[in-house]
There are 2 protein chains.
Amino acid sequence: MYSKLTHLQSTFTADCVIFGFEEGELKVLLVERNEYPYKDWWALPGFFVEHSETIDNAVERILYEHTGLRNIFMEQLYTFGDLKRHPQGRVITVAYYALLRLKGQSTLKPHSTYVRQAVWHPVENLPELAFDHAHIIDRSLEKIRQNIKSTPIAFELLPEKFTLTQLQKVYEAILGIALDKRNFRKKMLNYNFLKELDEKQQGVSYRAAKLYKFDKRKYAKIFQNDLSFKK
Amino acid sequence: MYSKLTHLQSTFTADCVIFGFEEGELKVLLVERNEYPYKDWWALPGFFVEHSETIDNAVERILYEHTGLRNIFMEQLYTFGDLKRHPQGRVITVAYYALLRLKGQSTLKPHSTYVRQAVWHPVENLPELAFDHAHIIDRSLEKIRQNIKSTPIAFELLPEKFTLTQLQKVYEAILGIALDKRNFRKKMLNYNFLKELDEKQQGVSYRAAKLYKFDKRKYAKIFQNDLSFKK
DNA sequence: TCAAAAGTGTTTTCCTTACACCCATGC
DNA sequence: GCATGGGTGTAAGGAAAACACTTTTGA
């Protein structure tokens, strides 16, 4: 069995890039490390992948141990294997990313002594990061900037019921540009995958906006046509 | 150093999905294995990643040893780590893909005894493959189908000088659909990154078509605007 | 002269963009 | 009554799509 051939073994870890959206800002979840190397530094939640688990299972487990978060759908981003990315030798890491609805908790409780705390940081203002994690976050940002144009990831960052202005702010935060309100609404509503609710925003000191829901089924129906190209 | 912690070591390999285009068909390069497991089966060129090399270096080396090909620009596709993908235990593999100009050689000489020969196979008619390699090829195909719509990968499959019909055939082979000749030409020429040459096709028994070149510089200039969004 | 592929325009439809003012609400 | 964001329409331009016949060439 290959696992006996130690010269053909690699050190292999997984890192999680978890994005959230709050106060009009895109945020990323960082942990404060309690282990060498990079003890006391901020880093992405990440750890070794065990023999007995798939990579998907590993990132799920690692995220839970480092942040207490569970059942988060993560997607693979890229695998990094530069010789110098880890001070103690060549460590290959596979990065996963996810988008999350924030619910007010700005600090999360780790279930592991390897990290002290997990805190949301605005992507526009990150501390210095361990390893090549700044680079990994940059790559994740590129990825979600691409994806937001072709997939409904924006809705993963919002509560179930949201206003069109909130939705627009997500697009603006991720793309880093200002969008035209009328054009944005026209376009979104034309897609026909938003369900207008009979409810309005609560507790605002100005005209309350209508609430909408994202309709996954309609979205799937519309974009199953992904495969039906025109000539 | 981590490499001493054997329980935290993983078996890690790299596989190469190399596409080519010939006779109006998309082809993929497969090797006939001369090693267990899956001795005598067709498989993707792939092998262990060593401690001392980056992943990019590893795929370059492995491709050379298995096929004799060198200096091929490959891009990372995805990392696969299912528990059952390898009969001898959990082996993580990172897959890379590349697109190549074929030059007539349908069989390539391996520089390694691990494989017997490397042969181009039409993607529409593949033999049964070792491991999860059929799945990896499917994923690569999805990727290039996406990429061909937004990047100039089609030109990597063609000779330097090509006709518009040849170019159209590449798009049709990858997308798997028939395209309208007039619309295709109009669109391609409108992009302004094709340079019309003063040469024509040679040796055909019908009206010879004009030859074109892909102009990388113009392409880069036009699509640097990638970042300049409109409101 | 025939076979094979090259080459060519117009119309319609739809999406994108630009742009500015009134409305409802809470304080 | 004022500040704050909510909400709305139209015109112009450009890309995508549908669609069929003539021309060139070599055999």
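We name chains A, B, ... by the order of the sequence lines, and we start the count at 1 in each one. The analysis underlying the following values was restricted to heavy atoms, covering all of them including side chains, and did not include hydrogens, waters or symmetry mates.
B/T165 comes within contact range of the sugar-phosphate backbone alone, with a heavy-atom separation under 4.0 Å but no base atom that close. Heavy atoms of A/K181 sit under 4.0 angstrom from at least one base atom.
If you find the closest nucleotide of DNA chain D to B/Y191 and to A/A208, the one lying nearer the 5' end belongs to A/A208.
The existence of a salt bridge linking A/R116 and A/D40 is confirmed by a sub-4.0 Å separation between a basic side-chain nitrogen and an acidic carboxylate oxygen. A salt bridge links A/R85 with A/D132; the closest basic N to acidic carboxylate O contact falls under 4.0 Å. Of the charged side-chain nitrogens involved, none lies within less than 4.0 Å of a carboxylate oxygen, so that A/E156 and A/R101 do not count as a salt-bridged pair.
For the pair B/Y206 OH and D/dT25 C1', the interatomic distance rounds to 11 Å; values are reported in whole Å. Rounded to whole Å, the distance from CG on B/N190 to C1' on C/dT8 is 14 Å. At whole-Å resolution of the value, CD in B/Q168 and P in C/dA5 are 13 Å apart. The nearest whole Å value for the distance from the NZ atom in B/K210 to the C1' atom in C/dT8 is 10 Å. The interatomic distance linking A/F184 (CZ) with C/dC19 (P) rounds to 20 Å, in whole Å. The interatomic distance linking B/Q201 (CD) with C/dA4 (C1') rounds to 12 Å, in whole Å. To the nearest angstrom, P of D/dG14 lies 14 Å from CG of B/N192. Spacing between atom CE of A/M188 and atom P of D/dT8 amounts to 16 Å, rounded to whole angstrom units.
With no hydrogens or angles considered, a side-chain donor-acceptor pair links B/R185 and B/T165 at under 3.5 Å.
At the phosphate of C/dG7, OP1 or OP2 sits under 4.0 Å from a side-chain N or O atom of B/R185. OP1 or OP2 of D/dA16 lies within a sub-4.0 Å distance of a side-chain N or O belonging to B/K187.
Every residue two or more places apart in sequence or in another chain that forms a ring pair (Phe, Tyr, Trp, His ring centres under 6.0 Å) with A/Y38 is listed here: A/W41, A/F131. With sequence neighbours excluded, the residues satisfying ring pair (Phe, Tyr, Trp, His ring centres under 6.0 Å) with A/Y114 are A/F47.
Counting atom types as modelled, A/R207 pairs no side-chain N or O with a base atom of C/dA24 as donor and acceptor under 3.5 Å.
B/Y78 and B/F80 have their aromatic ring centers within a separation under 6.0 angstrom.
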Detail all sub-3.5 Å separations between protein N/O atoms and N/O atoms belonging to nucleotides 9-11 of chain C.
from, atom 1, to, atom 2, distance (Å)
C/dT10, O4, B/K186, NZ, 2.9

